[in-house]
Q: 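Provided herewith is a single structure, encoded as structure tokens, for subsequent inquiry.
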Amino acid sequence: MRDPCGSWHSANRTSQTGGVPWHQDRVVALKTRCETPGYGRWVGQGDFWHAEPPLALLEKMIFARVYLDDSNAANGAMEFALGSHKQGRVAAGDAARIAADSEIEIENARRGDVLFLKGLTLHRSGRAAKAAQRRIVRIDFAVREELDEGLEWALPQN
């Protein structure tokens with residue numbers, strides 16, 4: 001069996017937080033910057049780097065959203081364009097059009113729920129209509145061996 005690994009981040013959306021337009025999350029967290037063919041858009045983030053990897057890696061990734069609070073339309077829930085991951089990389093200027101042609105699902109989740117999605121799924125969030133937190137922890141999963149030689153995932157792998 002191939003060895004899975006992952007990275008994570010958290011988010012806290014409130015009524016003071018604006019909405020986020022349709023987009024894909026297309027970066028991975030890496031320990032160091034190592035110029036490698038197919039990896040680009042490097043951005044330093046404290047002790048690690050984000051880079052956009054080759055499409056072949058992105059297509060194999062999934063992410064889990066662990067809900068720390070209830071999530072619904074009133075507090076700016078995420079919306080997902082179902083099946084949009086099949087489009088591969090989507091340019092920012094095309095994201096809204098592709099989402100409009102997709103079935104949309106609004107996350108109605110309870111604290112403690114976990115949602116799994118393909119990593120390239122188009123998603124967005126609206127502005128919260130009421131003062132309430134919408135905290136999540138997102139965990140990105142990939143196969144450790146899929147990373148090109150010379151690159152290492154940012155988080156401990158054991």
Side-chain angles (χ1 to χ4, degrees), residues 4-30 33 35-45 48-111 113-143 146-148 151 153-154:
C5 64
S7 64
W8 67 277
H9 72 269
S10 61
N12 182 12
R13 304 283 190 235
T14 66
S15 59
Q16 277 64 52
T17 306
V20 177
W22 287 108
H23 68 282
Q24 294 173 311
D25 293 332
R26 298 191 314 233
V27 296
V28 293
L30 302 168
R33 182 175 178 153
E35 294 302 325
T36 305
Y39 289 76
R41 302 178 134 195
W42 289 88
V43 176
Q45 297 266 307
F48 61 92
W49 288 85
H50 275 146
E52 188 170 329
L55 181 60
L57 175 59
L58 291 170
E59 289 175 330
K60 294 176 184 173
M61 292 182 70
I62 61 170
F63 63 81
R65 293 175 57 84
V66 181
Y67 295 88
L68 305 180
D69 298 301
D70 291 349
S71 179
N72 53 54
N75 67 355
M78 291 283 280
E79 298 178 35
F80 304 99
L82 302 181
S84 60
H85 64 281
K86 297 174 186 171
Q87 300 290 321
R89 272 194 180 97
V90 173
D94 295 331
R97 178 185 54 79
I98 290 172
D101 291 337
S102 303
E103 181 181 349
I104 305 302
E105 184 171 302
I106 298 174
E107 68 174 359
N108 285 302
R110 307 273 304 160
R111 184 179 63 172
D113 285 351
V114 180
L115 172 70
F116 291 90
L117 285 170
K118 294 290 284 185
L120 287 174
T121 302
L122 285 168
H123 56 283
R124 73 173 179 184
S125 62
R127 177 182 283 281
K130 65 177 187 174
Q133 292 190 108
R134 183 174 57 84
R135 298 172 300 159
I136 63 102
V137 173
R138 179 180 145 157
I139 306 166
D140 297 341
F141 292 97
V143 175
E146 292 292 328
L147 210 54
D148 288 298
L151 297 172
W153 297 104

Q: With respect to F80, which candidate in R124, K118, H123 satisfies the side chain to side chain contact (heavy atoms under 4.5 Å, CB included) definition?
A: H123

Q: For a quick test of reading the model, state the closest non-hydrogen atom pair linking Y67 to V114 and the distance between them.
A: CD1-N, 4.4 Å

Q: With sequence neighbours excluded, tell me which residues meet salt bridge (charged side-chain N to carboxylate O under 4.0 Å, His left out) with E107.
A: R65, R134

Q: Between R138 and D140, is the closest basic N to carboxylate O distance under 4.0 Å?
A: yes

Q: Could D69 and R111 be called an ion pair, given the rule that one side-chain N must be under 4.0 Å from one carboxylate O?
A: no

Q: Check W22 against A81 and note the closest heavy-atom contact, atom names and distance.
A: CZ3-N, 3.7 Å

Q: Applying side chain to side chain contact (heavy atoms under 4.5 Å, CB included), can you list everything that pairs with L120, at least two apart in sequence or on another chain?
A: Q24, R26, L55, L58, E59, H85

Q: Closest heavy-atom contact between P54 and D148?
A: CG-OD2, 4.2 Å

Q: For E103, what residues pass the side-chain hydrogen bond (donor to acceptor under 3.5 Å, both in side chains) criterion, not counting sequence neighbours?
A: none

Q: Just jot down the ring pair (Phe, Tyr, Trp, His ring centres under 6.0 Å) partners of H50, sequence neighbours excluded, or say none.
A: F48

Q: Please lay out, stage by stage, how L115 and D113 fare under the test side chain to side chain contact (heavy atoms under 4.5 Å, CB included).
A: CA-CA 7 Å; L115 172 70; D113 285 351; over 6 Å; no

Q: Of all residues at least two apart in sequence or in a different chain, which pass the side-chain hydrogen bond (donor to acceptor under 3.5 Å, both in side chains) check with R97?
A: none

Q: Nearest 0.5 Å please: distance from the CG atom of N75 over to the CZ atom of R135.
A: 11.5 Å

Q: Rounded to the nearest 0.5 Å, how far apart are OG of S71 and CD1 of I136?
A: 9.0 Å

Q: Ignoring hydrogens and geometry, is there a side-chain-to-backbone donor-acceptor pair from S125 to A77 under 3.5 Å?
A: no

Q: How would you list, by chain and number, every residue that makes a side chain to side chain contact (heavy atoms under 4.5 Å, CB included) with P21, sequence neighbours excluded?
A: none

Q: Start with the C-alpha distance between L147 and Y39, add both sets of side-chain angles, then the distance that settles side chain to side chain contact (heavy atoms under 4.5 Å, CB included), and finish with yes or no.
A: CA-CA 10 Å; L147 210 54; Y39 289 76; 3.6 Å; yes

Q: With sequence neighbours left out, write down each residue that passes salt bridge (charged side-chain N to carboxylate O under 4.0 Å, His left out) with R89, or none if nothing qualifies.
A: E52

Q: Tell me every residue that passes side chain to side chain contact (heavy atoms under 4.5 Å, CB included) with A74, counting only those two or more places apart in sequence or in another chain.
A: N72, K130

Q: Which pair of heavy atoms, one from A99 and one from I104, lies closest together, and at what distance?
A: O-CD1, 3.4 Å

Q: Applying side-chain hydrogen bond (donor to acceptor under 3.5 Å, both in side chains), name anything that partners N108, two or more places apart in sequence or on another chain.
A: none

Q: Shortest non-hydrogen contact from A64 to F141?
A: CB-CE1, 3.9 Å

Q: Atom CD of E105 and atom CG of L117: how far apart are they, to the nearest 0.5 Å?
A: 8.0 Å

Q: Does Q87 have any side chain to side chain contact (heavy atoms under 4.5 Å, CB included) partners at least two apart in sequence or in another chain, and if so, which?
A: V90, I98

Q: Give the C-alpha distance, both sets of side-chain angles, the deciding distance and a yes or no for side chain to side chain contact (heavy atoms under 4.5 Å, CB included) between L68 and V137.
A: CA-CA 7 Å; L68 305 180; V137 173; 3.9 Å; yes

Q: Applying side-chain hydrogen bond (donor to acceptor under 3.5 Å, both in side chains), name anything that partners D70, two or more places apart in sequence or on another chain.
A: R110

